[in-house]
Colleague: 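I have a structure here, written as structure tokens, and I will follow up with some questions on it.
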Amino acid sequence: MNVSDALANRYSVRGYKPDPVPEELIREVLDISRLAASGTNTQPWHIAVVSGDARDRLRDELCELFDAGTPQSSGFERNATMESPYIDRRRACGFGYYETMGVTRENKEGRLAIARKNFEFFDAPHVAFFSMPSNFVYPQAVDMGILLGSMMLVMVEKGMGCIAQGSLAGYPEPVKEIADIPEDNEILFGLSFGFIDDEAHINTVRMDRVPVDEIASFTS
Ligand SMILES: Cc1cc2nc3c(=O)[nH]c(=O)nc-3n(C[C@H](O)[C@H](O)[C@H](O)COP(=O)(O)O)c2cc1C
């Protein structure tokens with residue numbers, strides 16, 4: 001599989017088999033992903049992988065907070081002001097997902113149940129938390145994104161599925177309690193991963209992309 005194939009085959013996986021990924025394979029994915037570029041080779045990233053009992057305990061704590069309607073907070077600013085066309089794309093993403101799951105826009109309970117799945121890690125057996133020192137800013141966040149993108153492609157190559165989750169930065173306390181996160185770091189996002197459940201209906205969702213001429217310009 002080449003990089004173009006990996007990009008074409010990747011999608012956000014929201015249904016997983018329960019089988020754990022051998023730690024050796026997870027380490028191999030990280031060993032390749034760490035070759036990602038970063039500004040002045042800072043490598044600002046830390047990845048905390050949570051599996052097994054720790055993953056179950058964390059899921060329970062996060063779901064408890066979500067069910068209680070606890071407001072989310074995060075170590076890094078997460079909410080950009082968003083206008084058209086970006087807000088339209090964001091809405092289309094949510095609605096495409098709800099529609100596949102048979103949940104109407106008016107069905108608040110149904111939408112909440114779907115949002116909750118983030119904190120259940122979409123049943124993935126593993127979740128990784130990506131953090132960087134809390135005083136770092138946008139250039140380092142770019143580096144974090146490059147690592148994330150690289151890791152998602154390596155996982156595709158290795159026959160795994162994954163989903164990046166900004167939502168997993170929303171309740172940092174239990175994550176810091178259970179996962180091994182460096183003391184001065186804050187969480188940017190999570191990545192749930194495992195082997196894909198090909199029978200899961202939710203995995204039929206595909207998000208489209210705008211064409212090149214809408215995202216690029218060429219001057220000579
Ligand atoms: C940084 C980042 C954060 C994301 N956070 C979430 C999330 O919290 N929950 C979720 O269901 N999807 C999340 N996604 C997945 C996006 O919705 C998804 O990548 C996008 O709709 C394109 O679909 P695709 O990945 O299937 O191609 C996130 C993606 C990225 C890159």
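Whatever order the structure lists ligands and atoms in, that order sets their numbers, starting from 1. Residue numbers count from 1 along this sequence.
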Colleague: Can we say R209 and E214 salt-bridge, meaning some charged N sits less than 4.0 Å from an Asp/Glu carboxylate O?
Modeller: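 Salt bridge absent between R209 and E214.
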Colleague: I would like to know whether S192 and Q165 meet side chain to side chain contact (heavy atoms under 4.5 Å, CB included); could you show each step before the answer?
Modeller: CA-CA 8 Å; S192 295; Q165 292 172 261; 2.5 Å; yes
Colleague: Under the ring pair (Phe, Tyr, Trp, His ring centres under 6.0 Å) rule, collect the residues that match up with F130, sequence neighbours excluded.
Modeller: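 With sequence neighbours excluded, F130 shows a ring pair (Phe, Tyr, Trp, His ring centres under 6.0 Å) to F189, given in chain and number order.
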Colleague: Does R57 come within less than 4.0 Å of E61, counting only side-chain N to carboxylate O?
Modeller: no
Colleague: Who's touching ligand 1 if we go heavy atoms under 4.0 Å?
Modeller: R10, Y11, S12, R14, C93, N118, F122, I163, A164, Q165, G166, S167, M207, R209
Colleague: Donor-acceptor pairs are to be reported for all side-chain atoms of residues 84-93 against protein atoms at under 3.5 Å, with residues two or more places apart or in another chain.
Modeller:
{"unit_1": "S84", "atom_1": "OG", "unit_2": "D88", "atom_2": "OD2", "d": "2.4"}

Colleague: Excluding sequence neighbours, so at least two apart, what forms side chain to side chain contact (heavy atoms under 4.5 Å, CB included) with L112?
Modeller: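 Once residues adjacent in sequence are excluded, the partners of L112 under the side chain to side chain contact (heavy atoms under 4.5 Å, CB included) criterion are F66.
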